[in-house]
There are 2 protein chains.
Amino acid sequence: MLVPDRLPKESARDFAFRTLRENIISLELKPGTQISENEIAAELALSRTPVREAIIDLSKASIIEIFPQKGSYVTLIDQKMVEESRFVRDVLDKAVIQLACGGCSREALNEMDENVLLQQFYLEKGDGSRLLTLDNQFHRLIYIAADMETTYQMRSSMMLHFDRVRSLSLSTVKDTKIVQDHCEMLDAIKAGDREKAVALVDKHLKRYELDKLWMRKEHPEYFK
Amino acid sequence: MLVPDRLPKESARDFAFRTLRENIISLELKPGTQISENEIAAELALSRTPVREAIIDLSKASIIEIFPQKGSYVTLIDQKMVEESRFVRDVLDKAVIQLACGGCSREALNEMDENVLLQQFYLEKGDGSRLLTLDNQFHRLIYIAADMETTYQMRSSMMLHFDRVRSLSLSTVKDTKIVQDHCEMLDAIKAGDREKAVALVDKHLKRYELDKLWMRKEHPEYFK
DNA sequence: GCAAAGGTACTTGTATACAAGTAGACAAGA
DNA sequence: TCTTGTCTACTTGTATACAAGTACCTTTGC
């Protein structure tokens, strides 16, 4: 497992949560892997308590499954769960982008401009990991622009399942179309073109279908 | 605080979570109230650990706010949060009921029939608390009918804010229209009439606007 | 050889002890 | 009177100890 630096003032629990989450999404901790509270605690130089609390949090999002008195495991990727995540994302993203089309602050637009610029930069550099971060950030900025940040947080917890599937594929495929989609979405928001924006979200999400198929073919052992 | 019976095989953590959640939603624990891990633990005859874990869970849904080394408090009702909850519910409910209109099992329909019957029964009896439970259950059944139960769980966590506002008003108002709405929704699902179903969800949600206004007028001290 | 019993080493669940930080009471001193 | 320091009693955060259940291996008996 990759152990990042502990941020200043970060609580033990938050540190454990962040570490586990990143390792699971990046597939560094593979689906099916057993998670021992004691082992993780030792690895992070913490006691069991904060580690346990972090694991409970992650189990709430069904990304870790706890079997009392037996053990805890990184869940296998569940096709149905990924599908529902996709559905929620589809429905919320379309509703929110329409709000954003209704007008948002200069600030929010600037941040999105900057984000898209960086996406193009790292796309050329071929830095898939950085791209994934910017991708997530871009969609978050849309929610912020629509003043729906709490809703975004909720979306995030469900998106964990989706993120795992994207993780590997985005870092190898480096699809230029995804960045292109983001550019066009931003344009649609600026133009206040709801119809175009919704169509773009729809097209955008369909791309991940390929990711899923590719991953399922390449790593069937990750799936339930 | 009202302490329910502990269910058989229920873990201490689940028991603490359930107890706190119910007391908060029912406004038995009023917005702004301080929650002491020690006090709750004593009251439920548990140690701090499971109580603490339950409190952390509830803080994830922003229904309890934890100030480290200071104290934990039942959050005041946040208008923006209620608004976002309403938005999420609106968007998801409309999408899901359309799926249900696409056809669902005989079983699911039977359960909904039964539920609506009970709603009418308890409406006449004037049992608001029982009505609230049935109301929640009805909407859950729609999600189950659409095979979107995980999505419903996500919806639930955000709905806590909404539920608090409904709690008092539903128990006093006992609006016959709400039960009527449910009947019509069920009919629309049976008929596969998407358009009608969506319109009903829309109308249904608008009723709660009145709840909010009533509550804000009656209990301004509960709001942020 | 095989089956059953029991020990052992793990797991998570819960309880308790201690650490660290905050708020308020209260008294001492300017 | 007001300020300041300290003590006390609280809070949550973390560490540790113990309880209870599971899986597996080993040993014992046939």
Side-chain angles (χ1 to χ4, degrees), chain A residues 1 3-21 23-24 29-76, chain B residues 1 3-21 23-24 29-76:
Chain A
M1 193 174 67
V3 181
D5 287 333
R6 184 160 170 186
L7 304 175
K9 292 189 185 176
E10 187 176 41
S11 70
R13 171 155 49 96
D14 289 342
F15 176 54
F17 182 86
R18 186 167 61 90
T19 304
L20 282 170
R21 182 183 176 282
N23 276 279
I24 291 174
L29 283 175
K30 304 193 191 324
T33 308
Q34 179 164 12
I35 302 285
S36 161
E37 294 180 359
N38 277 314
E39 269 183 41
I40 304 290
E43 209 163 345
L44 302 188
L46 302 171
S47 76
R48 263 187 66 209
T49 306
V51 172
R52 173 180 167 72
E53 289 169 354
I55 289 177
I56 291 174
D57 277 354
L58 288 164
S59 79
K60 292 277 166 186
S62 302
I63 207 74
I64 288 181
E65 195 166 6
I66 302 174
F67 299 94
Q69 270 75 35
K70 289 191 217 167
S72 304
Y73 300 82
V74 178
T75 56
L76 293 173
Chain B
M1 194 174 66
V3 181
D5 287 332
R6 186 160 169 186
L7 304 174
K9 291 191 186 174
E10 186 177 41
S11 72
R13 171 156 49 97
D14 289 341
F15 176 53
F17 182 86
R18 185 167 61 90
T19 304
L20 283 170
R21 183 183 175 281
N23 276 279
I24 291 174
L29 284 174
K30 304 196 192 320
T33 308
Q34 180 165 13
I35 302 287
S36 161
E37 295 180 358
N38 277 315
E39 269 182 42
I40 305 289
E43 209 162 347
L44 302 187
L46 304 170
S47 77
R48 262 187 65 208
T49 306
V51 171
R52 173 179 167 72
E53 288 169 354
I55 289 177
I56 291 174
D57 277 355
L58 288 164
S59 79
K60 292 276 166 188
S62 301
I63 207 73
I64 288 181
E65 195 165 8
I66 301 175
F67 299 94
Q69 270 76 33
K70 288 191 217 167
S72 304
Y73 300 83
V74 178
T75 57
L76 293 173

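What you see below is based on every heavy atom in this structure, not just the backbone, and it leaves out hydrogens, waters and symmetry mates. In what follows, every chain begins at residue 1, and chains take the letters A, B, ... in the order their sequences are listed. Note that this is a predicted model, so its numbers are computed, not measured.
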Write out a two-atom table: protein N or O, nucleotide N or O from nucleotides 15-24 of chain D, distance below 3.5 Å.
| unit_1 | atom_1 | unit_2 | atom_2 | d |
| --- | --- | --- | --- | --- |
| D:dA15 | OP2 | A:Ser47 | N | 2.7 |
| D:dA15 | OP2 | A:Ser47 | OG | 2.7 |
| D:dA15 | O5' | A:Ser47 | OG | 3.4 |
| D:dA15 | N7 | A:Thr49 | OG1 | 2.8 |
| D:dT16 | O4 | A:Thr49 | OG1 | 3.4 |

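Counting to the nearest Å, the P atom of C:dT22 and the CG atom of B:Asn38 are 19 Å from each other. Spacing between atom CD of A:Glu65 and atom C1' of C:dT12 amounts to 14 Å, rounded to whole angstrom units. In this structure, CD1 of B:Ile64 is placed 15 Å from C1' of D:dT11, rounded to the nearest angstrom. B:Ile66 places its CD1 atom 11 Å from the P atom of D:dT14, with the value rounded to the nearest Å. Between the CZ atom of A:Phe67 and the C1' atom of C:dC10 there is a distance of 17 Å, given to the nearest Å. In this structure, CD of A:Glu37 is placed 13 Å from C1' of C:dC10, rounded to the nearest angstrom. Spacing between atom NZ of A:Lys9 and atom C1' of D:dG13 amounts to 16 Å, rounded to whole angstrom units. When the P atom of C:dT12 is taken as reference, atom CD of A:Glu53 falls 15 Å away, rounded to whole Å.
Considering every non-hydrogen atom in both A:Arg6 and A:Leu46, the closest pair reads NH1-CD2, 3.6 Å. Shown here for B:Pro4 and B:Phe15, the closest heavy-atom pair between the two residues is O-CE1, 3.4 Å. When all heavy atoms of A:Ile66 and A:Pro68 are compared, the closest pair comes out as O-CD, 3.5 Å.
Put simply, A:Arg52 has a side-chain N or O that comes within less than 4.0 Å of OP1 or OP2 on C:dG13.
Both B:Arg13 and A:Ser36 lie near DNA chain C, and the one whose nearest nucleotide falls closer to the 5' end is A:Ser36. Positionally, the nearest nucleotide of DNA chain D for B:Gln34 lies more toward the 5' end than for the other of A:Ser11 and B:Gln34.
No side-chain donor-acceptor contact under 3.5 Å links B:Ser59 to the backbone of B:Ile64. Between the side chain of A:Thr33 and the main chain of A:Val74, no donor-acceptor pair closer than 3.5 Å is present.
With A:Glu53 as reference, A:Arg13 is the one residue of A:Lys60, A:Arg48, A:Arg13 to meet the salt bridge (Lys or Arg N to Asp or Glu O under 4.0 Å) rule.
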From CA spacing to verdict: side chain to side chain contact (heavy atoms under 4.5 Å, CB included), A:Ile56, B:Asp57: CA-CA 9 Å; A:Ile56 291 174; B:Asp57 277 355; 4.2 Å; yes
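The residue A:Ile56 sits apart from the nucleic acid: no heavy atom pair falls under 4.0 Å.
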